[in-house]
Amino acid sequence: MDDGSGHENGSLEDFWATEDPIFSRKELLDIDLVPNEDRIIGRDSEIQNVASSIHPAVKGQSPRNTLIYGKTGTGKSLVAKHVTRSAQQYSVENGTEMGRAYIDCTQTKTETRVVINLAQELNDPEETGISIPVTGLSTDVYYERFWSILDQLYDVAIIILDEIDKLQDNEILMQLSRAGEAGKLDACKVGIIAISNKISFKESLDERILSSLQDREFVFPPYDANQLREIMYNREDAFREGVLSDDVIPLSAAFAAQEHGDARKALDILRNAGELAKDEDTDEVTEIHVRNAREKADIDRFSQLLEGQPTQIKASVYALSILADRHSDREEFATREVYEMYKSITSDSALGIETLSQRRMSDKLDEQVFLDILGRTERVGRGYSSGVTNYYYLLEDPSVVQAVIHNDDRFSELEQQ
Ligand SMILES: Nc1ncnc2c1ncn2[C@@H]1O[C@H](COP(=O)(O)OP(=O)(O)OP(=O)(O)O)[C@@H](O)[C@H]1O
């Protein structure tokens, strides 16, 4: 309470003035940051490849459409953004009007929303006199306005569609990739850089779209532990000097390398380790913080996967996690074993769900295989037990799985199995 002495305000002022004991430039660890070229590691040939496919654009000619594949955190978005940013700077200095737009298709999934976002990103209403209301127009009208913006403002436009497999349908790809031939545009040339981490996504594309998009196609390999280390050492100035103990970066790199060489994961672990140290009011980030940050990252990822899943699914995954916990010497468990545990879990009235048949429970487990929650192997029995038996295994540590499922109160209240 303010006692009139000004003391309260004084102490808050002191508080505002305190420096962060851990981070000095935390923004260097932001996941959306496109760092300068000297901080980009191990992607020289990928940068060169993408640059050569859009090279004609800097002279106002048609760029080649480009598809980029690769697992999560292999630098796909980074390279696409970096190369197009550099191309745009060069173009402007050399008299070519180049437009550049980025769409994250996990957020913008429908054809109409993509056109609206592209039109808004590329428009300059003062110059074109065109307005793009957020709603209220038909898709056709949005397209007309979009083509008109492109023709009025740009010689060439490069459109990055990230996580393209998340689009609800392919109409937008058809429109963009054939805009020139179809006579929608008079002057502006359009190039697409499409990014995906699912190579199988091509199977869902119409032959005509595919042949147009697939002009150039690149696969980005995962990083090894050395490259991950270097990526992090190049962002070390996000932290105050002397705050990171020596083993922090190598350990974060080792964890992310186990994951499949994911730079996103590496930087997430490093940032979270710093946050944990800060929460503890210490001024050193140590190995323990890295281990806890990794566990937190795993729990967050797994929570997202399991979020909103029905209780039956949680119960069957929980049964598998208890088996894995009890038998640390084994990884895989036969359907029958999982079912026995599932029966004892679901018989607890605290859960309030019925006990399904073994067949239906295994159908539920099979669904999880597709969601990357579980793995399954099939083995052909020998001797009397001929026939195929399914074995399930967790893709995550049982303690992480249980921590996530226990967030659902009904599970945390279950009798110890
Ligand atoms: N070669 C690299 N050098 C420096 N930082 C990198 C490199 N590759 C990736 N990063 C960083 O890792 C994070 C993830 O990279 P990016 O978003 O480009 O991956 P992605 O392959 O597009 O992944 P996703 O498929 O999940 O979108 C970003 O913060 C990026 O800055």
Side-chain angles (χ1 to χ4, degrees), residues 23 25-51 66-86 100-109 158-167 192-202 217-239 249-250 252-275 293-294 297-298 300-302 304-305 371-372:
F23 296 104
R25 292 183 62 198
K26 196 170 164 200
E27 68 280 6
L28 288 176
L29 301 175
D30 280 355
I31 231 58
D32 291 332
L33 176 90
V34 181
N36 291 335
E37 189 147 3
D38 52 356
R39 291 187 197 264
I40 303 179
I41 306 302
R43 283 295 174 253
D44 293 352
S45 61
E46 287 77 8
I47 290 175
Q48 194 53 50
N49 286 338
V50 175
T66 307
L67 270 182
I68 303 179
Y69 291 108
K71 292 194 168 162
T72 307
T74 50
K76 303 181 297 295
S77 319
L78 171 65
V79 168
K81 288 180 183 169
H82 167 70
V83 171
T84 52
R85 182 173 70 184
S86 162
R100 170 176 167 261
Y102 173 86
I103 300 286
D104 174 356
C105 303
T106 56
Q107 306 295 325
T108 312
K109 295 190 171 128
I158 299 198
I159 293 167
I160 302 172
L161 297 173
D162 206 346
E163 308 228 20
I164 190 176
D165 45 283
K166 298 286 177 352
L167 284 176
I192 303 172
I193 300 182
I195 303 176
S196 174
N197 40 32
K198 295 201 173 54
I199 215 144
S200 59
F201 131 88
K202 285 203 296 193
E217 189 174 327
F218 305 113
V219 179
F220 283 26
Y223 298 110
D224 61 27
N226 286 334
Q227 290 171 319
L228 292 169
R229 263 202 299 270
E230 223 186 310
I231 288 172
M232 286 185 277
Y233 281 127
N234 269 280
R235 313 254 184 132
E236 215 180 351
D237 47 337
F239 293 88
I249 286 183
S252 305
F255 284 149
Q258 277 170 21
E259 195 75 17
H260 75 235
D262 178 345
R264 175 190 303 273
K265 178 93 177 204
L267 291 169
D268 273 348
I269 293 177
L270 189 61
R271 190 186 50 251
N272 285 331
E275 297 281 9
R294 182 213 192 184
D298 288 345
D300 287 350
R301 188 193 70 92
F302 200 72
Q304 275 173 4
L305 289 177
L371 296 175
D372 285 344

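All values below were derived from every heavy atom in this structure, side-chain atoms included, with hydrogens, water molecules and symmetry-related copies excluded. Just so you know, residue 1 is the first one in the sequence shown, and it goes up from there. Order of appearance sets the numbers: ligands from 1, and atoms from 1 within every ligand.
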With heavy-atom distances below 4.0 Å as the criterion, list the atoms of ligand 1 near [X].
| X | answer |
| --- | --- |
| T74 | 19 (O), 20 (P), 21 (O) |
| N197 | 25 (O) |
| R39 | 3 (N), 4 (C) |
| E163 | 27 (O) |
| R43 | 1 (N) |
| L267 | 11 (C), 12 (O), 29 (O) |
| L33 | 31 (O) |

Review point. Between N36 and R39, does any side-chain donor sit less than 3.5 Å from a side-chain acceptor?
Key: no
Review point. With no hydrogens and no angle check, do the side chains of D165 and S196 hold a donor and an acceptor under 3.5 Å apart?
Key: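 There is such a pair (donor and acceptor under 3.5 Å, judged by atom type) between the side chains of D165 and S196.
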Taking [atom] as the reference point, the nearest protein heavy atom with its distance:
| atom | answer |
| --- | --- |
| atom 12 (O) of ligand 1 | A263 CB, 3.5 Å |
| atom 25 (O) of ligand 1 | K76 NZ, 2.8 Å |
| atom 22 (O) of ligand 1 | S77 OG, 2.5 Å |
| atom 24 (P) of ligand 1 | R264 NH2, 3.4 Å |
| atom 5 (N) of ligand 1 | R235 NH2, 2.8 Å |
| atom 3 (N) of ligand 1 | I41 N, 3.0 Å |
| atom 28 (C) of ligand 1 | I31 O, 3.5 Å |

Under 3.5 Å, is there a donor-acceptor pair between the side chain of [X] and the main chain of [Y]?
| X | Y | value |
| --- | --- | --- |
| K76 | G70 | yes |
| D224 | N226 | yes |
| R235 | L29 | no |

**Study point:** Proximity winner for atom 10 (N) of ligand 1, if only heavy atoms of L78, L29, L228 are counted
**Key:** L78
Point to revise | Shortest reach to atom 2 (C) of ligand 1 by a heavy atom, considering only Y223, F220, Y69 | key: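 Looking at heavy atoms only, Y223 sits closest to atom 2 (C) of ligand 1.
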Review point. Is any side-chain heavy atom of R43 less than 4.5 Å from a side-chain heavy atom of L78?
Key: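 A side-chain contact is absent here, since even the closest heavy-atom pair is not under 4.5 Å.
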Check your understanding: Below 4.5 Å, heavy atoms only, C-beta onward: do C105 and I103 meet side chain to side chain?
Key -> yes
Practice item. Can you establish whether the number of heavy atoms outside K81 located under 6.0 Å from its atom NZ is more than 12? Key: yes
Review point. N/O of G75 under 3.5 Å from N/O of ligand 1, yes or no?
Key: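 Between G75 and ligand 1, an N or O pair is found under 3.5 Å apart.
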Point to revise | Residue pair G261 / T74: nearest heavy atoms and the distance that separates them | key: O-CG2, 4.3 Å
I'd like to know whether ligand 1 has [X] as a neighbour, heavy-atom separation below 4.0 Å.
| X | result |
| --- | --- |
| K81 | no |
| G73 | yes |
| K71 | yes |

Review point. Hey, would you say the F23 and F239 ring centroids sit under 6.0 Å apart?
Key: yes
Review point. Any idea which part of I231 is under 4.0 Å from ligand 1, heavy-atom wise: side chain, backbone, both or neither?
Key: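 Under 4.0 Å from ligand 1, I231 contributes side-chain atoms alone.
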Point to revise | Chi angles and distances behind the side-chain contact (heavy atoms from CB on, under 4.5 Å) call for Q258, K265 | key: CA-CA 10 Å; Q258 277 170 21; K265 178 93 177 204; over 6 Å; no
Practice item. Take R264 and I31, measure what side-chain contact (heavy atoms from CB on, under 4.5 Å) needs, and give me the verdict at the end. Key: CA-CA 7 Å; R264 175 190 303 273; I31 231 58; 3.7 Å; yes
Check your understanding: Given the rule in the side-chain contact (heavy atoms from CB on, under 4.5 Å) test, do K166 and K198 qualify, once you have shown the distances and angles that lead to the verdict?
Key -> CA-CA 10 Å; K166 298 286 177 352; K198 295 201 173 54; 4.2 Å; yes
